[in-house]
2 protein chains.
Amino acid sequence: MPLFPDRPTAPVRRDGDGPLWSSLVTQSRPRIIPEATVARLAVYLRVLAGLADGGRTHVSSGELASAAGVNPAGLRKDLSHLGPCGVRGVGYSVAGLRGRLTEVLGGEQPRACVLVGIGRLGSALADYSGFASRGFEFVGLLDADPRRVGERVGGLSVRPVDDLETVVADSQASIGVITTPADVAQSVCDRLVAAGVRSILNFAPVALSVPAGVDVRKVDLSVELQVLAFLDQQRDGAGQLPTAAGGAR
Amino acid sequence: MPLFPDRPTAPVRRDGDGPLWSSLVTQSRPRIIPEATVARLAVYLRVLAGLADGGRTHVSSGELASAAGVNPAGLRKDLSHLGPCGVRGVGYSVAGLRGRLTEVLGGEQPRACVLVGIGRLGSALADYSGFASRGFEFVGLLDADPRRVGERVGGLSVRPVDDLETVVADSQASIGVITTPADVAQSVCDRLVAAGVRSILNFAPVALSVPAGVDVRKVDLSVELQVLAFLDQQRDGAGQLPTAAGGAR
DNA sequence: CCGACTTTGTTCAGGCGTTCACAAGCGGCT
DNA sequence: AGCCGCTTGTGAACGCCTGAACAAAGTCGG
């Protein structure tokens, strides 16, 4: 039972038992990948996609790190969790590393997602092309408001929230996205979990309670703005020297 | 120059020089508040607002922590950065703590925000009531698409992106929100910074480069989904015992 | 007025993540 | 074929953040 679930820090257990990499290059099984590293791997994957589109065949850790906004040494350490995937003196093969990351992150096969709460934010997510291109497919859009039911959003038509269990069962959806008002988020979450969903992305401003074995990630837009406001106030109240503060590259 | 800007970990310098709390209760100046703590303080503030609406006058750390989804000890530690604001044996005054948090987080006076990129996500943010109620006011909605200019979203009409400098200067906006496509995000960011914006919330899937003294927070929706996909795959590939994995409450 | 219970605030220890610095390995050039 | 330079991968140290236990303090009851 993590005590600060908002900012997950616990490392992640993976299967595999070998103290060393599997002798076969494919199907090697690292044992633990920190969750912070996983998030960055997803960023590297996107950068690599852009590089591949540009016709690049090789990248150095420095260049990749610069594009991703991280430290080169940190990038190499992140990649070391996947086993050796670069060539010393040369760099990383764009195609090779891209494939390896896709494999590790589970992007080989498309994952079915259901989205509950088709307000403006929900509509925006349903329509976001960045998901489909990364192997995520929305198979159900649900809303409690009868006026929204039947609307077509991003190629799907909105269904009543009562169909939740049916949709999840039929599509074998493994990821649920909650963009409902806060007061109904927990009940929606409970129904998703009961229906078999084990990964939930929550945009509602509440802390969801889920049983063990279910993962929740929370995106809280108000919190992001408020952190910025705090930093703002801090700057205003502190010394007026802009050179003293450290900033991102 | 933080090397892993995505998950900020560096503590935050505040002004003030006294080794102890200021003798006056008001205007006390803690010296350092970790950024992770600031993010949680915003969550506590929201929970307190709900409690106040419910008519509650006092809360214990345990109850507040439960509602926020964190450990009671951690919550008390977070609050200790603000100086003593509870009563031993009783708990925290809802109104008092709420006021203190509002003060520390800079919510006393409304902050002007400009939003660039009025697509579906931008429209959703412009219309989100959760911002206005927390002291954030959008004073400018900008888009490069002439067809969107003039649209009314959330009480404002969309203006051409060429007005960016004018809008920022007139409104003295301190926060900029970028919801543009990735390829123009950096140029929009540069213009915002040049116009005087020092805090940026970036939804575009790129690492923005900003000079020192400017803070950037990034929200990457694809990354969130991909982390969930990884956890999913991990569960599927690993042992089938759901009791073995630890889950959030 | 005194005692005991409740709850805060603080201190200590542990774990994780980040960072730096060095050795190992590979390609290209002479 | 041998040497040089470049890049990866790894090992160790540092620091922050998290988690739990203890003491201080205030209130309620007798």
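Only a predicted model underlies this, so the values are computations on that prediction, with no experimental measurement involved.
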Nearest-Å distance, [atom1] ([X]) to [atom2] ([N])?
| X | N | atom1 | atom2 | answer |
| --- | --- | --- | --- | --- |
| B:L82 | C:dT10 | CG | C1' | 15 Å |
| A:H81 | C:dT18 | NE2 | C1' | 11 Å |
| B:R76 | D:dC22 | CZ | P | 14 Å |
| B:H58 | D:dT27 | NE2 | C1' | 12 Å |
| B:Y92 | D:dG26 | OH | P | 14 Å |
| A:D78 | C:dG17 | CG | C1' | 10 Å |
| B:L75 | C:dT7 | CG | C1' | 13 Å |
| B:L97 | C:dT8 | CG | P | 11 Å |

Considering only NZ, NE, NH1 and NH2 on the basic side and carboxylate oxygens on the acidic side, decide whether [X] and [Y] come within less than 4.0 Å.
| X | Y | result |
| --- | --- | --- |
| A:E35 | A:R217 | yes |
| B:R111 | A:D232 | yes |
| A:R56 | A:E63 | yes |
| B:R98 | B:E103 | no |

For A:G89 and A:T37, take the nucleotide of DNA chain C holding the closest heavy atom to each; which residue's nucleotide lies nearer the 5' end?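 Per heavy-atom nearest nucleotide, the more 5' residue is A:T37.
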Side chain of B:R88, base of C:dT7: donor and acceptor closer than 3.5 Å? no
For [N] and [X] - does any side-chain N or O of the residue sit under 4.0 Å from the phosphate oxygens OP1/OP2?
| X | N | answer |
| --- | --- | --- |
| B:N71 | D:dA20 | yes |
| B:S61 | C:dT8 | yes |
| A:R40 | C:dT18 | yes |

Counting side-chain heavy atoms from C-beta on, which of D:dT8, D:dT18, D:dA12 comes nearest to A:K77? D:dA12
Taking A:T179 for its side chain and A:V116 for its backbone only, find out whether a donor-acceptor pair lies under 3.5 Å. yes
